[in-house]
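Keep in mind it's a predicted model, so treat the numbers as computed, not measured. Index from 1, following the sequence.
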Amino acid sequence: MPREELFITTKIWISNAGYEKAKASIEESLKKLKTDYVDLLLIHQPFGDYYGTYRAMEEAYKAGKARAIGVSNFYPDRYIDIAHFAEVVPAVNQVETHVFQQQKVAREYLAKYHTQIMSWGPFAEGKNDFFNTPVLKEIGAKYGKSVAQVALRFLLQNGVVVIPKSTHEERMQENFNVFDFVLTDEEMKQIETLDTGKSLFFSHYSPETVEWFMSIV
């Protein structure tokens, strides 16, 4: 398959934070991926010397080793900070985004700085009995779509890039089949009521969470 038909993303983990380590990590990733460039290069977590990491990423971007650079799991406060001081504003911020955590505040600030929000876990990894959510099932029945397809369509109509994960080919095909229907304004509002504004996994504002990340560096 021609390289230009692939979109390759990789991340720099917190154990490789800092300019020198990040620079070496980027070279190691290119070597392991057997490619001269990646399409998207992200900082995995907002911990450690991520400023030094980002400087190494900016260099990789200017050298053509990364077509775009960005961050992941950066909440609005840390995102604004790095976007303000960065020479190359993050192209993407990959954060937990699904119907139960719709990232309304984050989306507002990312749009302001022209950074694309990308969802990891668009199905909330099945938490909150996701695949049996009544509102999503009811709307899906109207269009002959699954709960998963309605959830993806909702995110797409909100300008969210989605990367659903599946190891089953039929589900991968199902996930692609979301461009032949459009949710109405009323249906969008119905789904918006599901938002709790909280993570279903962990909060980066939690001292316990930060201590856990520090324990593995």
Side-chain angles (χ1 to χ4, degrees), residues 1-13 25-26 28-45 65-73 91-103 106-107 110 115-184 187-188 190-192 194-196 199-202:
M1 180 178 290
R3 172 65 182 88
E4 58 270 17
E5 291 187 19
L6 299 173
F7 190 98
I8 300 176
T9 302
T10 192
K11 299 178 182 178
I12 299 175
W13 182 233
S25 175
I26 293 167
E28 182 181 4
S29 291
L30 292 175
K31 183 178 180 181
K32 287 181 175 179
L33 291 166
K34 298 180 181 179
T35 181
D36 295 327
Y37 70 95
V38 292
D39 297 278
L40 179 61
L41 178 64
L42 303 174
I43 296 178
H44 200 148
Q45 297 288 343
K65 297 178 180 179
R67 294 288 176 88
I69 59 176
V71 295
S72 59
N73 299 302
V92 167
N93 187 8
Q94 187 187 102
V95 292
E96 174 192 351
T97 314
H98 45 74
V99 296
F100 302 124
Q101 166 58 308
Q102 296 175 21
Q103 298 288 2
R107 282 192 278 127
L110 292 174
T115 294
Q116 174 65 51
I117 186 170
M118 178 184 286
S119 163
W120 64 257
F123 302 143
E125 295 187 6
K127 293 180 182 293
N128 277 11
D129 201 18
F130 181 91
F131 295 103
N132 288 305
T133 304
V135 171
L136 300 181
K137 290 181 75 172
E138 181 182 340
I139 294 173
K142 173 183 173 182
Y143 296 102
K145 296 294 182 179
S146 68
V147 165
Q149 288 172 316
V150 173
L152 291 177
R153 185 68 211 177
F154 172 77
L155 294 176
L156 288 169
Q157 285 184 218
N158 272 316
V160 180
V161 169
V162 293
I163 46 172
K165 177 182 178 182
S166 179
T167 57
H168 302 284
E169 184 177 349
E170 64 275 12
R171 289 179 186 165
M172 292 179 191
Q173 293 174 340
E174 178 183 303
N175 292 339
F176 278 119
N177 192 21
V178 294
F179 299 101
D180 57 352
F181 75 110
V182 178
L183 299 174
T184 66
E187 289 164 344
M188 292 291 285
Q190 283 182 276
I191 299 174
E192 283 176 7
L194 298 174
D195 186 27
T196 67
S199 172
L200 293 186
F201 299 90
F202 48 76

Atom pairs and distances, side-chain donor-acceptor, residues 5-12, under 3.5 Å, sequence neighbours left out:
| unit_1 | atom_1 | unit_2 | atom_2 | d |
| --- | --- | --- | --- | --- |
| Lys11 | NZ | Gln94 | OE1 | 2.6 |

Which side-chain N or O atoms in residues 163-172 pair as donor and acceptor under 3.5 Å with protein atoms at least two apart or in another chain?
| unit_1 | atom_1 | unit_2 | atom_2 | d |
| --- | --- | --- | --- | --- |
| Ser166 | OG | His168 | N | 3.1 |
| Ser166 | OG | His168 | O | 3.4 |

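Rounding to the nearest 0.5 Å places OG1 of Thr196 at 7.5 Å from CG of Asn128. Distance check, rounded to the nearest 0.5 Å: CD1 of Ile139 to OG1 of Thr184 gives 7.0 Å.
Counting heavy atoms from C-beta outward, Phe123 and Asn175 have side chains that approach closer than 4.5 Å. Thr133 has its side chain out of reach of Val150: every pair of non-hydrogen atoms, C-beta onward, lies at least 4.5 Å apart. Counting heavy atoms from C-beta on, the side chains of Val160 and Gln103 never come closer than 4.5 Å. Contact of the Val147 side chain with the Asn132 side chain is not registered, since no non-hydrogen atoms from C-beta on lie closer than 4.5 Å. The shortest side-chain heavy-atom distance between Thr35 and Leu30 falls under the 4.5 Å cut-off.
Under the 3.5 Å distance criterion, the side-chain polar atoms of Gln149 are matched with a main-chain donor or acceptor of Asn177. Using a distance-only test at 3.5 Å, with no hydrogens or angles considered, a donor-acceptor pair links the side chain of Gln116 to the main chain of Gly159. Side chain of Ser72 to backbone of Ile43: a donor-acceptor contact under 3.5 angstrom is found. Between the side chain of Gln102 and the backbone N or O of Arg107, no donor-acceptor pair lies under 3.5 Å.
Among all heavy-atom pairs drawn from Ser119 and Thr97, the shortest one is OG-O, 2.6 Å. Residue Asn73 comes nearest to Asn93 through the heavy atom pair N-OD1, 3.7 Å, listed as atom of the first residue, atom of the second, then distance. Nearest heavy-atom pair, Gln45 versus Trp13, reported as atom, atom and distance to 0.1 Å: CG-CZ3, 3.6 Å. Between Gln157 and Leu183 the shortest heavy-atom distance is OE1-N, 2.8 Å. The two residues Val38 and Arg3 come nearest to each other via the heavy atoms CA-NH2, 3.8 Å. Of all heavy-atom pairs between Val178 and Glu174, the closest is CG1-O, 4.2 Å.
Within the structure, the salt bridge (charged side-chain N to carboxylate O under 4.0 Å, His left out) test picks out the following pairs touching residues 141-153 (sequence neighbours left out): Lys142-Glu187, Lys145-Asp180. Each salt bridge (charged side-chain N to carboxylate O under 4.0 Å, His left out) pair with one or both residues in residues 116-136, not counting sequence neighbours, would appear here, but there are none.
The number of heavy atoms from other shown groups lying within 6.0 Å of CD (Glu192) is above 12. For Phe176, the CZ atom is loosely surrounded, since the number of other residues' heavy atoms within 6.0 Å does not exceed 12.
Scored by the ring pair (Phe, Tyr, Trp, His ring centres under 6.0 Å) test, Tyr143 finds Phe181 as partners (sequence neighbours excluded). Take Ala124 and apply the side-chain contact (heavy atoms from CB on, under 4.5 Å) test, not counting sequence neighbours, and it matches His98, Phe100, Phe130, Leu200.
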(request) Take Gln101 and Asp195, measure what side chain to side chain contact (heavy atoms under 4.5 Å, CB included) needs, and give me the verdict at the end. (result) CA-CA 5 Å; Gln101 166 58 308; Asp195 186 27; 4.1 Å; yes
